[in-house]
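Proteins come first, then strands; the chains are lettered A, B, ... in the order of their sequence lines, and each starts at number 1.
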There are 2 protein chains.
Amino acid sequence: MLSHTEENYIKCIYQLSENELTKQVSTNEIADNLETTPASVSDMLKKLTQKNLINYIKYKGVTLSEQGITEALKIIRKHRLWEVFLVKHLNFAWDEVHEVAEQLEHIKSVLLIQRLDEFLDFPKFDPHGDPIPSQDGTIPIVQQIPISEVNIGDHGTVTGVNDASKALLQYLDKVGIQLNSTIEIIDIISFDQSVEIKIDHQKTLFISQEIAKNIYITTI
Amino acid sequence: MLSHTEENYIKCIYQLSENELTKQVSTNEIADNLETTPASVSDMLKKLTQKNLINYIKYKGVTLSEQGITEALKIIRKHRLWEVFLVKHLNFAWDEVHEVAEQLEHIKSVLLIQRLDEFLDFPKFDPHGDPIPSQDGTIPIVQQIPISEVNIGDHGTVTGVNDASKALLQYLDKVGIQLNSTIEIIDIISFDQSVEIKIDHQKTLFISQEIAKNIYITTI
DNA sequence: AAAAATAATTAGATTAATCTAAAACATAAT
DNA sequence: ATTATGTTTTAGATTAATCTAATTATTTTT
């Protein structure tokens, strides 16, 4: 059984190497990310090595072991399911959920998470569009493309945003774009590459190329 | 800000003196309850005294201070709201909720609890019939009477059970008595004091005096 | 009221997680 | 290739929570 703190380290290492799990993560990166000192990280890395959760070579950085990845996915699954709950049922805004989910992800009960998953109707993505690992540790892979790279006439549903800044999330709220909104590409303005889209078969809207780059959709 | 452990001690002291908050709670009682040693309790009592959460006289036992009571009620409020959530929305049985609620009660977020309360439609009692303290620390008081002490023709709703044993809870499930079930007293058999009741205006049932003693109703 | 039994506290260690300061190692620059 | 810079680890302390064993209080029994 992992301690609260060990879980945080494992999750941190996972996230710092998410795009390529073979990437060597450095002590300083982890220290910055967890807002602690490199000395503390060094100590913890030794401990996690003992528990076979990481592959660690002194001065060379770490990667997660098989077992470490499994643990990381469990934590991330819990985190993202709770985020869905907070947003869908407790009316939290996209940008308010993180701190609370950080705490909820450490609750230990297999039954709880199974039931929560069921209650939420087995969501595949969290409110930021990040995929929710399944109980057996598989991650749904979808072909996500930024709106800036699709063609006129294409359509799909919003499955993610690239930039988690409040400004973008607040803009999206304002114009009525949510996770799972359907998007249809009406026109692409050749002058500035801004895009005219139709949201949920209702209103149309022009978005700048900059914004189009940061909204990901899954075309069907 | 209280640590996880400090919260557990405060809650324990509250529960051990719930019926009469001026009662001096002994070191051994606390140690038994928290499954720790008297030595550890002694240490913690010193710390809680420093933080003005308890009134503590060596060798004489403790009571909660004003501030301690306030903190205890916050924790109990969270615990009981989570229990309602688990039973009503995640289909946990009455007797499965405790362990998980023990963890959830330590999550720190005022907004979370406000929203959860709202989502649950401001319940006044948890699934065991225990009252849920309000945000400002007041506890709804109801006139709870065991079924064994009411008269023929009286009616009310189930607001609690005295014995939290699995056997009783499972029996109640089986015969269809739940929290908030309406109960009408049809007859009291003078021979053995067993009681004939009507549940939710539907089926009637005989229950033994022993069971009648352990089901509390609130007459209206 | 003294002895025996019980309860509570202190003393001294231990473990997990953390820190600062110093030393060891690796990389980049001249 | 030597120096300078930056990164990582170790050494030594600290804090919170816990324990066992020994000591001190209190209560009960005779």
Are side-chain heavy atoms of Glu83(A) and Phe85(A) found at a separation under 4.5 Å? no

dA8(C), OP1 or OP2 - any side-chain N/O from Ser26(B) closer than 4.0 Å? yes

Write down the distance between CD1 (Ile54(B)) and P (dA8(C)), rounded to a whole number of angstrom. 14 Å

Give the rounded distance in Å between these two atoms: CE of Met44(A) and C1' of dT18(C). 10 Å

Regarding Ser42(B), tell me which of base, sugar-phosphate or nothing describes its non-hydrogen contacts under 4.0 Å with the strands shown. base

For Lys58(B) and dT24(D), what is the distance between atoms NZ and C1' respectively, to the nearest whole Å? 10 Å

Looking only at dA8(C), dT18(C), dT8(D), the nucleotide nearest the Thr5(A) side chain is dT18(C)

Tell me what Ser40(A) touches on the nucleic acid: a base, only sugar-phosphate, or nothing, going by heavy atoms under 4.0 Å. base

Phosphate-side-chain proximity, Lys46(B) and dT10(C), N/O vs OP1/OP2 below 4.0 Å: yes

Of the candidate nucleotides dC19(C), dT26(D), dA21(D), which contains the atom at the shortest distance from the side chain of Lys60(B)? dT26(D)

dT18(D), dT10(C), dT9(D): which one has an atom nearest the side-chain heavy atoms of Tyr56(A)? dT9(D)

What's Thr37(A) touching, base or sugar-phosphate or nothing? Going by heavy atoms closer than 4.0 Å. base

Can you tell me if Asn28(A) touches the phosphate of dT8(D), counting only side-chain N or O atoms and a distance under 4.0 Å to OP1 or OP2? yes

What integer distance in Å separates Gln50(B):CD from dT15(D):P? 14 Å

Round to a whole Å and report the spacing from CG of Asp43(B) to P of dT14(C). 16 Å

Do Ser148(B) and Gln209(B) pair up side chain to side chain, a donor and an acceptor below 3.5 Å, judged on atom types alone? no

Report the distance from atom CG of Leu45(A) to atom P of dT18(C), rounded to the nearest whole Å. 12 Å

Between Val100(B) and Ser109(A), which heavy-atom pair has the shortest distance, and what is it? CG2-OG, 3.7 Å

What is the separation between atom CG on Leu34(A) and atom P on dA16(C), rounded to the nearest whole Å? 19 Å

Are OP1 or OP2 of dT18(C) and a side-chain N or O of Tyr9(A) less than 4.0 angstrom apart? yes

dT18(C) P sits how many Å from Leu48(A) CG, rounded? 11 Å

Distance-only side-chain donor-acceptor flag, Ser65(B) / Asn52(B), under 3.5 Å: no

Lys108(A) versus Glu7(A): any side-chain heavy-atom pair under 4.5 Å? yes

Minimum-distance nucleotide (side-chain atoms of Tyr59(B) versus dA8(C), dT9(D), dC19(D)): dA8(C)

